[in-house]
2 protein chains.
Amino acid sequence: MAALDRSLISRLPLFQGMAPEEQSEILRGARSSRYAKDSSIFEQDTEAHSFYVLIAGHIRVVRTTPDGQQVIARYISEGEIFGVAAALGRTTYPASAVAAVDCVVLAWPNALWPELARRFPTFGSTTYRTVGNRLQETQTRVVEMSTEQVEQRVAHALLRLANQTGRNTESGIEIDFPISRQDIAEMTGTTLHTVSRLLSKWEESGIIVSGRQKVTVKDAHRLVVLSENRTKG
Amino acid sequence: MAALDRSLISRLPLFQGMAPEEQSEILRGARSSRYAKDSSIFEQDTEAHSFYVLIAGHIRVVRTTPDGQQVIARYISEGEIFGVAAALGRTTYPASAVAAVDCVVLAWPNALWPELARRFPTFGSTTYRTVGNRLQETQTRVVEMSTEQVEQRVAHALLRLANQTGRNTESGIEIDFPISRQDIAEMTGTTLHTVSRLLSKWEESGIIVSGRQKVTVKDAHRLVVLSENRTKG
DNA sequence: CCCCGAGTTTGCGCCAGCGCAAATTCTCCC
DNA sequence: GGGAGAATTTGCGCTGGCGCAAACTCGGGG
């Protein structure tokens, strides 16, 4: 903890509106760790012992089916809380969390959750607001998978990534962590082949530029048009 | 409230492990209402003013897309809490709730949530456990839609309905509220035609019997086999 | 600097499941 | 008891997107 930049941490949305001494109190219970790229912070279906805040990096939350297929539930960005099994009364993690790049996280033992939530209501309600957002996002994804074509879903996914984790560069909005065609396929319920074909097409028409594990959105507006392109119904 | 059977209410899982006087205290803030079949308890995207517990009946939670397509998010059974926007810091409902049959519900003004959650931690944590379950179920649904064929998804949906709201009869497990082919289609991301074809096939092989807005599972085991039948991957 | 392997692209054939349309059967209301 | 509308069934043709396979390309490690 001592090594971490306190001012950086106190700027996190999770701690907004809390007095500095309250923040310190909460942070006292945490321990920080680093995770190398591709290492896992926790594994699906294992005993949940901690909840986390991502201080630096990007994390992929993945669910694996019994026959080994993977589905990416979401990406976690800096400042977000994750692995909140404790807050929802679960004893195991429903998915695995894997570092998409080298990461720094804070971890609290689950045993501390009840006390923290009681003593710092802001902390609790911010967490539950996050849970609410995720529930709604997940439901939105169900709706998309039920009603949209693959092209629209991939367009939506890219737009979401660009908004949540996009970095503005001279050439457009670049997704600032390595993401493969396979990853995008696992986010949208399709195959890497189909994603590759779509990205090729979009690159040809100047909507994006892409490379190995890299996508830059050049023309978000046209992507929005694609994502709304009704074909069913 | 006075008219309602107190013993029935105190038996709800939501109130388990609470002293009778605590239950009374909580119930004091509630008001009960009836909703006729097909009437809506609340509407998507409207200001959230209350949270609810279903005392009797079945409720369909539906999300409608901008172009009018509907997706059934879930069914609510007796005893479940729903419309918990307040607990998740939301100001509007993300979906509509429609009575699948005539219903009786208890409603609390959202303003009461913080106080209730603070004074009755059991009540709060039970609610959040429910939210956790729903988040996980919703994610499971995303995984299913990503990795399974339509036949498996419909089989899963029927099994889930049979488990959650099934009524044992001499001829099998009957889903005890009216459910159309269209409803099943909206739960599984397919069309009523495809659902109809599947149910016809299953009826022919004796796995189910079905009629107008009615499905009875006769051979759950074979349905499980179908739901696990790997074809992709 | 070159090689290896992971990531990507692209072609080709096929089929699950959708859209459309029409016929049929309940069920409830008059 | 009969009619009307809603729900369901079924046929048919088509296609989006998947599976398979092979070629290619990039980037990092030796």
Side-chain angles (χ1 to χ4, degrees), chain A residues 36-38 60 67-71 100-102 144-155 157 175 177-205 208-216 226 229-233, chain B residues 36-38 67-71 100-102 144-155 157-158 175 177-205 208-216 226 229-233:
Chain A
K37 181 179 176 183
D38 293 329
R60 189 169 55 235
D67 55 317
Q69 293 186 78
Q70 298 202 324
V71 174
V101 295
D102 292 350
E144 287 181 6
M145 299 213 50
S146 298
T147 62
E148 296 181 352
Q149 310 268 102
V150 169
E151 183 168 28
Q152 296 170 70
R153 299 207 300 267
V154 175
I175 295 167
F177 56 86
I179 183 165
S180 69
R181 308 290 183 266
Q182 176 71 38
D183 291 333
I184 299 175
E186 288 176 5
M187 298 178 68
T188 52
T190 179
T191 63
L192 78 163
H193 307 279
T194 299
V195 171
S196 177
R197 278 181 251 267
L198 286 171
L199 296 198
S200 297
K201 190 174 71 170
W202 293 346
E203 183 144 17
E204 214 169 331
S205 52
I208 63 165
V209 293
S210 73
R212 238 171 214 238
Q213 319 220 67
K214 190 160 81 68
V215 179
T216 305
L226 282 175
N229 195 24
R230 324 247 141 91
T231 47
K232 283 194 191 177
Chain B
K37 181 179 175 183
D38 294 329
D67 55 316
Q69 292 186 81
Q70 297 202 325
V71 174
V101 294
D102 291 350
E144 287 182 3
M145 299 211 53
S146 297
T147 61
E148 297 180 351
Q149 310 270 102
V150 169
E151 182 167 29
Q152 296 171 70
R153 299 207 301 267
V154 176
L158 283 192
I175 295 166
F177 55 86
I179 184 165
S180 70
R181 307 290 183 268
Q182 176 70 35
D183 291 333
I184 297 175
E186 288 175 6
M187 297 179 69
T188 52
T190 181
T191 62
L192 79 162
H193 307 279
T194 300
V195 171
S196 177
R197 277 179 252 268
L198 286 171
L199 296 198
S200 296
K201 190 174 73 173
W202 292 346
E203 185 144 17
E204 214 169 332
S205 53
I208 62 166
V209 291
S210 73
R212 230 166 223 237
Q213 320 223 65
K214 190 159 80 69
V215 179
T216 305
L226 281 175
N229 192 24
R230 321 253 143 89
T231 47
K232 283 194 192 178

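Here is how names work: the chains are called A, B, and so on, in the same order as the sequence lines, proteins then strands, and each is numbered from 1.
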Undergrad: Once you round it to whole Å, what is the distance between C1' of D/dG27 and NZ of A/Lys214?
TA: 13 Å

Undergrad: In Å, rounded to the nearest 0.5 Å, how long is the span from CD of B/Glu186 to OG1 of B/Thr191?
TA: 11.0 Å

Undergrad: May I ask you to test the B/Ile184-B/Ile179 pair for a side-chain heavy-atom distance under 4.5 Å?
TA: yes

Undergrad: Would you kindly give the CD-to-C1' distance between A/Glu186 and C/dT8, to the nearest whole Å?
TA: 15 Å

Undergrad: Rounded to the Å, how far apart are A/Ile208 CD1 and C/dT8 P?
TA: 12 Å

Undergrad: A/Val150 and side-chain contact (heavy atoms from CB on, under 4.5 Å): which partner among A/Val195, A/Leu198, A/Thr188?
TA: A/Leu198

Undergrad: Could you tell me whether the side chain of B/Arg153 reaches within less than 4.5 Å of the side chain of B/Met145, counting heavy atoms only?
TA: yes

Undergrad: Round to a whole Å and report the spacing from CG of A/Asp183 to C1' of C/dA6.
TA: 13 Å

Undergrad: Could you say whether A/Arg212 or A/Thr190 is positioned toward the 5' end of DNA chain D, judged by the nucleotide with the nearest heavy atom to each?
TA: A/Thr190

Undergrad: Can you find a heavy atom in the side chain of A/Asp67 that is under 4.5 Å from one in the side chain of A/Gln69?
TA: yes

Undergrad: Check the distance between D/dT9's C1' and B/Glu203's CD and give it to me in whole angstrom.
TA: 12 Å

Undergrad: Determine whether A/Lys37 and A/Phe177 make a side-chain contact, defined as any pair of heavy atoms from C-beta on separated by less than 4.5 Å.
TA: no

Undergrad: Check the pair B/Arg181 / B/Ser210 against side chain to side chain contact (heavy atoms under 4.5 Å, CB included), numbers first and verdict last.
TA: CA-CA 10 Å; B/Arg181 307 290 183 268; B/Ser210 73; 3.0 Å; yes

Undergrad: CG of A/Leu199 versus P of D/dG17: gap in Å, rounded?
TA: 14 Å

Undergrad: Rounded off to whole Å, could you give me the CZ-to-P distance for the A/Arg153 and D/dG16 pair?
TA: 14 Å

Undergrad: Would you tabulate the nitrogen or oxygen pairs shorter than 3.5 Å linking the protein to nucleotides 1-3 of chain D?
TA:
none

Undergrad: Within the sub-3.5 Å range, which N or O atoms of nucleotides 10-12 of chain D have a protein N or O partner, and how far apart are they?
TA:
from: D/dT10; atom 1: OP2; to: B/Ser200; atom 2: OG; distance (Å): 3.1
from: D/dT10; atom 1: O4; to: B/His193; atom 2: ND1; distance (Å): 3.0
from: D/dG11; atom 1: N7; to: B/Arg197; atom 2: NH1; distance (Å): 3.2
from: D/dG11; atom 1: O6; to: B/Arg197; atom 2: NH2; distance (Å): 3.4

Undergrad: Can you find a pair of side-chain heavy atoms, one from A/Leu226 and one from A/Val154, that are under 4.5 Å apart?
TA: no

Undergrad: Between atom CZ in B/Arg181 and atom C1' in C/dC18, what is the gap in whole Å?
TA: 18 Å

Undergrad: Within the 4.5 Å heavy-atom criterion, are B/Val209 and B/Glu203 side-chain neighbours or not?
TA: yes

Undergrad: Under 4.0 angstrom, heavy atoms only, what part of the nucleic acid is A/Gln213 near: base, sugar-phosphate, or nothing?
TA: sugar-phosphate

Undergrad: Tell me whether the side-chain N/O atoms of B/Thr191 come closer than 4.0 Å to OP1 or OP2 in C/dC18.
TA: yes

